[in-house]
Amino acid sequence: MYHRTRIRRTRIRLVATVAAAGICALGLTACDSGDSGDTVTDKPKAKASAGATTGEKPAAEKPAAEKSATPDVAKVGDTIALKGLEDGNKLDVTVVKIADPAKSSDEFTTPGSGKRFVGVQFKLVNTGTAAYSDSPANGAKITDVDGQQFDSTFADITAGPSMSSAVRLKPGGKALGWIVFEVPKASKTDTVQFAMNSGMANQTGEWKLS
């Protein structure tokens, strides 16, 4: 049963990757989206103030030194706004939680010898004008302090439900789930990255984990 599930998920992953590549092949101008070259952004979105969310009148202006500034680098809990390959493809992506090490939710799926599972919970919100359809795990990578990068793997963990392998969101739609990585036990994780279109979008978001 597990092997059939893994084969099915692998096929979904391949189809998503091929589909994203096809978009580029059919319309190079659409794939550019007005951006020149690939970019990696670690700048988080500013969080709404309490007054903006509750409707209360804001307190008196604080001195500049006391104002809470937006962090320079995105960390766990922060949101990064990302663009996809085509106009209208936009997501607000939040790294919600980290599970390190993460425990498999079944006895059949275990990390390889000398390795461990690391889980990252992502929240996706479609802020664009077009529908979002992708396999989000394809666009996620984790990096350790030595610069080694690791792709996501298929595993369910006890921390919570996995991110769907076929997410489809209308504008305003949301998705929440864990993406799992298999990394060496001795590796210290440093950053996690996410890009739309199965990782083929020009813009990549990056969050600091440590």
Side-chain angles (χ1 to χ4, degrees), residues 6 9-25 27 30-33 35 37-45 74-76 78-99 102 117-128 130-144 147-157 161-171 173-183 189-209:
R6 186 160 189 167
R9 287 179 173 178
T10 302
R11 287 175 177 171
I12 292 173
R13 186 170 188 161
L14 289 172
V15 168
T17 303
V18 171
I23 293 173
C24 290
C31 290
D32 196 1
S33 297
D35 295 326
D38 293 339
T39 60
V40 178
T41 176
D42 58 5
K43 181 67 174 176
K45 290 185 65 174
K75 298 180 180 179
V76 177
D78 289 330
T79 300
I80 295 178
L82 296 176
K83 296 179 181 179
L85 293 172
E86 298 180 279
D87 290 338
N89 291 155
K90 296 180 180 180
L91 283 182
D92 271 1
V93 182
T94 306
V95 169
V96 182
K97 297 178 184 177
I98 303 293
F117 284 150
V118 176
V120 180
Q121 188 183 42
F122 285 91
K123 180 180 179 181
L124 313 178
V125 180
N126 186 353
T127 57
Y132 168 75
S133 180
D134 198 9
S135 180
N138 291 349
K141 292 180 183 290
I142 202 166
T143 305
D144 67 12
Q148 297 180 106
Q149 285 196 327
F150 307 96
D151 293 323
S152 62
T153 188
F154 293 116
D156 294 319
I157 56 177
S162 296
M163 180 70 74
S164 172
S165 59
V167 172
R168 294 179 178 85
L169 301 176
K170 65 181 181 180
K174 303 176 182 180
L176 178 69
W178 289 86
I179 295 178
V180 181
F181 305 86
E182 188 174 347
V183 304
T189 57
D190 185 44
T191 61
V192 65
Q193 294 184 340
F194 182 88
M196 296 176 66
N197 305 105
S198 287
M200 299 185 69
N202 292 334
Q203 190 179 38
T204 298
E206 181 175 276
W207 293 257
K208 189 77 172 175
L209 301 180

Between CD on residue Glu86 and CE on residue Met196, distance to nearest 0.5 Å: 10.0 Å

After noting the C-alpha distance and the side-chain angles of Lys170 and Asn126, does the key distance pass the side chain to side chain contact (heavy atoms under 4.5 Å, CB included) rule? CA-CA 7 Å; Lys170 65 181 181 180; Asn126 186 353; 5.7 Å; no

Which pair of non-hydrogen atoms, one from Gln203 and one from Ala81, has the smallest distance, and what is that distance? OE1-O, 3.9 Å

Treating Ser135 as the side-chain partner and Ser165 as the backbone partner, does any N or O pair qualify as donor plus acceptor under 3.5 Å? yes

Should Thr204 and Asp38 count as side-chain neighbours, where that means a heavy-atom distance under 4.5 Å? no

Distance in Å, Thr94 OG1 paired with Lys45 NZ, rounded so as to fall on 0.5 Å steps: 8.5 Å

Just how far is it from atom CZ of Phe154 to atom CD1 of Ile179, taken to the nearest 0.5 Å? 10.5 Å

Rounded at 0.5 Å granularity, tell me how far CD in Gln149 sits from CG in Asp190. 11.0 Å

Result for side chain to side chain contact (heavy atoms under 4.5 Å, CB included) between Glu206 and one of Lys141, Gln193, Lys43 points to Gln193

When rounded to the nearest 0.5 angstrom, what distance separates CZ in Phe117 from CD in Glu182? 5.5 Å

Heavy-atom distance under 4.5 Å between the side chains of Gln121 and Leu176, does that happen here? yes

Could you report the tightest heavy-atom contact between Ser133 and Arg168, atom names first, then the distance? OG-CG, 3.6 Å

If you look at every heavy atom in Ala74 and Pro44, which pair is closest and at what distance? N-CD, 3.7 Å

Report the relative orientation of the aromatic rings in Phe122 and Trp207; use parallel for angles under 30°, tilted for 30 to 60°, perpendicular for over 60°. perpendicular

Any side-chain heavy-atom pair of Asp42 and Lys208 under 4.5 Å: no

Over all atoms of both residues, closest heavy-atom pair of Ala130 and Pro171: O-CG, 4.0 Å

For a side chain to side chain contact (heavy atoms under 4.5 Å, CB included) check, start with the C-alpha distance between Val76 and Leu209, then their side-chain angles and the critical distance, and finish with the verdict. CA-CA 7 Å; Val76 177; Leu209 301 180; 4.1 Å; yes

Quick check for you: to the nearest 0.5 Å, what is the distance between Asn138 atom CG and Asp151 atom CG? 9.0 Å

Quick one: do Asp156 and Ser162 satisfy side-chain hydrogen bond (donor to acceptor under 3.5 Å, both in side chains)? Show the steps, please. CA-CA 6 Å; Asp156 294 319; Ser162 296; 2.6 Å; yes

With a 3.5 Å cut-off and no angle check, do the side chains of Ser198 and Asp134 form a donor-acceptor pair? yes

Closest approach of Gly119 to Ala102 (non-hydrogen atoms, all atoms of both residues): N-CB, 3.8 Å

Does a side-chain heavy-atom distance below 4.5 Å link Thr189 with Phe150? no

Given side chain to side chain contact (heavy atoms under 4.5 Å, CB included), test Leu169 with Val125 step by step and report yes or no. CA-CA 8 Å; Leu169 301 176; Val125 180; over 6 Å; no

Using the rule given for side chain to side chain contact (heavy atoms under 4.5 Å, CB included), can you reason through Phe194 versus Leu124, listing the C-alpha separation, both sets of side-chain angles and the distance that settles it, and then say yes or no? CA-CA 11 Å; Phe194 182 88; Leu124 313 178; 4.2 Å; yes

Using the rule side chain to side chain contact (heavy atoms under 4.5 Å, CB included), only one of Val120, Thr153, Ile142 pairs with Val180; which is it? Thr153

